[in-house]
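Residues take their numbers from the sequence shown, with the count starting at 1.
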Amino acid sequence: MEKTLLWQLPRVELLDIWHSHRLEILLSAAALLVLAQLALALRKKRSKTSLTPPLTSPAHEVRDEKRLVSLSKQNFSEKAVIQENNQFEDVQKTLNRPVHLKLGPKRVTGSRQAGKASRLDTLFDASTDQIQPVIFYWSLGGSTEKIAKDLAQDFGIFRATKQGIRPLKPLLLDLTQIEYDDYFVTPPKPSGSAAAGPKYFYLLLLPTYNVDTELSNFLSHLSETHNDFRIDTAPLSGLLGYSVFGFGDREGWPTEEEGFCSQAREVDKWMARLTGRKRAFPFGTGDVKGDLKRQLQEWSAGVEEVLQDLAAGKGLGEGVAGSGDAVESDEEEDLEGDSDRENATASTPSAKTMRSNRTDDVEDLGAQALSNSPDDPIDFTTYKKRSSAPAPAEAKEMVPTTSPTYTALTKQGYTIVGSHSGVKICRWTKSALRGRGSCYKFSFYGIASHLCMETTPSLSCSNKCVFCWRHGTNPVGTTWRWKIDPPELIFNGVKEGHYKKIKMMRGVPGVRAERFREAMRIRHCALSLVGEPIFYPHINELLAMLHREHVSSFLVCNAQHPEQLAALGPVTQLYVSIDASNKESLRKIDRPLHRDFWERFIRCLDILREKRDTHRTVFRLTLVKGFNIDEEAEGYAELVERALPSFVEIKGVTYCGTSTSSAAGLTMQNVPFYEEVTAFVAALNSALNRRGLEYGIAAEHAHSCCVLIADKKRFLKTDGWHTLIDYEKFFECLESGRPFGPGDYVGAPTPEWALWGRGGFDPRDERVDRKGKKKEVYEVQGSIEKVA
C-alpha cells in the first residue's frame, strides 16, 4: 500500500487533524523552544568561562593580534561578549576606573620583609683575637684634631686600667691623609694571615660646616660605595662595630634640619648601611659653644663599655628583653617615607584596594604565575616605591658670607668676590711698590709685580696638596655643583678688590710714588691664587674680558681637569703643576680627590703637547724634600718628553708653618736649600739632554729659590735667551683673528742679571733683610748669593 505524506493530504483532513490534536502540537512546540534556549545558554556560559580569570589570580591577560588587554578582577565584572571580529567589548563595569593598556610584560610585585640583624659577631674569638680601635677625624682649624688626640690618649689610660681586655693602642688617622679605598670599601687587611690579624673597630670624630669641605667628598665616597653594583651591599660588615661623634654650633644651627651636626649624622647613616647595622654606640653630638666636654665624656664612656663587652665575647648585645628589634636611623627614614606615601594616597578611592592587592607570599607568586598563559611574559623585577619627585634644589653658594670658610679666607687677606671668586694682593706686589724687588716672573717673563693682579674665579680645588699655603680653608670638590656667578661680576669685582688693596699701600713707608701710580693700571693677571681657575665654567669668557683691556693672562692648573684644559681658549701663558714624576708620589704629595687622578694627569700632559703650537706652556715643579726630589729627575724628564712644554720652572717649596702642614707631615726639614734645587736642576737638564731633547738652563731667581729651563729651539737666539714676552705683540696677534703661536710674541732678550748664574735680582731694586736693613749682595760660585 502506497504511503501518503502529511502535506499531500487534502486541506479538509489537515484541519480535522489540527482540531483534534492542537493541544499536543502546541505543547511539543513549546518544549522544543525551551530546549533550544537552554542549549544556547549553556553554549554562551562555556564560552564566557574560558575568558574569565581564575578567582585566585588578580588579573589575566588576553592577547589579540594588535595589543594586550589586561582585564583586572577588581575593575571588571565577569560579563563580556565575543563579537564576530574577535574583539572584546566591555559591557559592564563595577568601578569607574578606565581600562589601562599594558604594552610590556606582566609585572609580578612583592615586598621583602626586613630581617632581624644579628648583633653578635661570630668572627671574633675573645680568647685569641685582638681589637684594633681606629679613630678617624677631620679638622679644619685644628680643634677636632686636638680632641681626637686627647681621646686616643684617654683610650690608652682605659687599656691600662682595665684587666683582661685586649684592645690594642688606637690608631689615629686624618681623613685627608688616607686613601678611602683602604678603609671604607673593605676593612683593612692584616699583614699576616687574616685569622691572626686584629679585628677593627671604627670611631669617627667629625665637625660640620655649611660649605663644601673634605667631608663632602667623604660622604660622596660612602654613597658611591653603597650604590656601586660591583661592591657588596655591606662591604664593611667585617668590622666589629663603629660609632660617630659630631661637633656643631647650636648658636648658628639650632637644629639638625638647620645644619647642626648634619654631615656627621649623614656619615653615621651611611656607615649603618655599609656595616650591616653595626652601630656599636648611638650617634653622639657636641655643641662647641656648650657643654662639649661632658657630652664627649659620656659618649667615650659608652664606647669604652662596648669595647669591654666585645673583648669579653658578648658582641654588640641583643638589647633589653621585650624591647623589640632596634631600629636603625636609615630604617626610620624608610618607615617615615612609606608612611608619608600611604597618607598621600589614602584620600584616593582605590588606595585601600590597591594596598590590599599586594602579593607578599611566595606561594601566591607561584599561583599567580601558573594562572597565566605559558606564552605570557612575566616581570619579576622588584621596583622600589618612590614618592613624588621633589622640586630641584637651588644651587648653593660655594663660600657663603656666613660660613667659617669665608671668615677664614678674609682673615688671611682675601677679598671674596661673589660666591666663589677671590682676589688678594701678593707680597711681591708690596715689595715691588717699595722698590725691594719683584718675583721670579719679572726675571723670567718681564712681569712687574706691582702691575700684576693675583686672583681666581674658583676657590674650590680638587687636590689637597701637602704644601698648600692656603691652610686648607678653601673648599674642595671634583665637580662643579654650586651657584655660578657671571664673568662680568667676577671681572669687575676682582678689579675693584685689587685696587682697594693697592690704595691701602698709599701710606706705607717706602712706597715709590711712580710705582704707586703705575699700579693703578692692571697690566697682568695671575690666575693662580687658590683653588682651580680652570674649574670655573665660564673661564674662556673671563679670559676674553681680561684680553679686551690688554691685561695678560697667566693661568695655572693642577692637571686634573682634561676636558676643561682641552676646551681652553687663548691665554698668554699656560701653567700645569707637575708635583711628582710617578703615581705614588703624586698621591702622597697632591692628595687628589679623583680616583682616576693619574689617568687625568697623563691626559692633561697629552693635551699640553697638542697645545704647544698655540700656547706658551710651562711645567711648574714644586720640590719638597722627602717627597719628590730623590732620584726622580729621570721620571720628570720622561714627563717633559711626553708634553714638550716651552718652559720648565723648578721651585723649592715655601713652608707656611700651619697645623695643616704639620698634619700632612711637612716641616722645615722638607724645604730644600737653594743649592739642592740647583743640583736637581742640573740633574734634570742632563736627563733631558740624554734623551735628545734640546733644553737648557736659561734663568734663575735665587731669592724665590726658582730656576727656569727653556726650549732651545724656540727661545735661544743668536744673541742669547729670549724668555721675555712681547705683550703688545700678543694682543696684536689675538685681535687680528688669525692663528698664532708662542713664537709670534717672543720678547726682548732676557736681562743679563736674570740669566743662569747671575742670581736674578734686579739691580735697580734693593735687597733688605726682615728688619728693613739693606743687604750687600755679591756673586760667589756662580749663582750662590752671599750676604756681606
Side-chain angles (χ1 to χ4, degrees), residues 111-112 114-115 117-118 121 123 134 136 138 173-190 194 199-202 204 206 212-244 262-279 283 328-334 337 380-387 389-390 392-393 460 462-464 476-481 560-563 583-584 586-587 590-603:
S111 64
R112 177 177 60 86
S118 173
D121 193 336
L123 299 179
V134 185
F136 298 94
W138 177 80
L173 298 177
D174 186 346
L175 287 174
T176 62
Q177 307 295 325
I178 65 171
E179 288 298 322
Y180 296 151
D181 289 357
D182 295 341
Y183 294 92
F184 294 98
V185 172
T186 57
K189 293 180 174 56
K199 307 301 181 182
Y200 288 87
F201 186 93
Y202 283 5
L204 296 98
L206 306 170
D212 282 317
T213 61
E214 174 62 25
L215 278 185
S216 303
N217 299 289
F218 181 53
L219 283 167
S220 298
H221 171 84
L222 297 180
S223 174
E224 291 171 4
T225 302
H226 176 70
N227 293 298
D228 194 334
F229 69 92
R230 300 167 297 178
I231 301 176
D232 183 47
T233 306
L236 297 179
S237 58
L239 296 177
L240 290 181
Y242 81 94
S243 187
V244 180
S262 57
Q263 288 180 314
R265 189 174 294 276
E266 284 297 312
V267 170
D268 177 65
K269 292 176 180 178
W270 283 119
M271 288 297 294
R273 291 171 166 88
L274 295 174
T275 60
R277 306 176 188 176
K278 285 197 172 181
R279 185 186 290 106
F283 171 66
E328 300 289 343
S329 57
D330 51 328
E331 292 179 329
E332 292 169 6
E333 278 190 350
D334 294 339
F380 282 97
T381 306
T382 299
Y383 294 89
K384 184 178 180 181
K385 296 180 181 178
R386 295 184 182 274
S387 57
S460 175
S462 55
N463 284 352
K464 309 176 300 255
V476 291
T478 57
T479 58
W480 189 281
R481 53 185 180 275
Q560 288 296 297
H561 300 278
E563 293 81 7
K583 184 175 181 178
E584 287 307 313
L586 189 67
R587 184 198 303 273
D590 276 2
R591 299 183 295 177
L593 302 182
H594 290 284
R595 293 187 178 184
D596 58 340
F597 65 93
W598 184 251
E599 290 75 15
R600 288 172 172 267
F601 180 81
I602 294 300
R603 175 62 182 138

Parallel, tilted or perpendicular, as decided by the 30° and 60° cut-offs, for the rings of Tyr202 and Tyr200 = perpendicular

May I ask you to decide if the ring planes of Phe136 and Phe184 are parallel, tilted or perpendicular, using 30° and 60° as cut-offs?
->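 Aromatic pair Phe136/Phe184 classed tilted.
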
What distance do [X] atom [atom1] and [Y] atom [atom2] have between them, rounded to the nearest 0.5 Å?
{"X": "Leu586", "Y": "Gln560", "atom1": "CG", "atom2": "CD", "value": "6.5 Å"}
{"X": "Lys199", "Y": "Leu239", "atom1": "NZ", "atom2": "CG", "value": "11.0 Å"}
{"X": "Asn227", "Y": "Leu222", "atom1": "CG", "atom2": "CG", "value": "11.0 Å"}
{"X": "Leu219", "Y": "Gln263", "atom1": "CG", "atom2": "CD", "value": "6.0 Å"}
{"X": "Arg265", "Y": "Leu206", "atom1": "CZ", "atom2": "CG", "value": "12.5 Å"}
{"X": "Glu224", "Y": "Asn217", "atom1": "CD", "atom2": "CG", "value": "9.5 Å"}

Flag the pair [X] / [Y] as yes when at least one side-chain heavy-atom distance between them is below 4.5 Å, and no otherwise.
{"X": "Asp232", "Y": "Thr186", "answer": "no"}
{"X": "His221", "Y": "Asp181", "answer": "yes"}
{"X": "Val267", "Y": "Trp138", "answer": "no"}
{"X": "Asp182", "Y": "Pro188", "answer": "no"}
{"X": "Asp590", "Y": "Phe597", "answer": "no"}
{"X": "Thr275", "Y": "Ser237", "answer": "no"}

Quick one: closest heavy-atom pair of Pro235 and Pro187, and the distance?
-> O-CD, 3.5 Å

State, to 0.1 Å, how close Leu240 and Lys278 come at their nearest heavy-atom pair, and which atoms those are.
-> O-CD, 4.2 Å

For Glu563, enumerate each residue passing the side-chain contact (heavy atoms from CB on, under 4.5 Å) test, keeping only those at least two apart in sequence or located in another chain.
-> Arg600

Would you find a donor on one side and an acceptor on the other, under 3.5 Å apart, between the side chain of Lys464 and the backbone of Leu593?
->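 Answer holds: no.
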
Go through the steps for Asp268 and Tyr242 under the test side-chain contact (heavy atoms from CB on, under 4.5 Å), then give the verdict.
-> CA-CA 9 Å; Asp268 177 65; Tyr242 81 94; 3.3 Å; yes

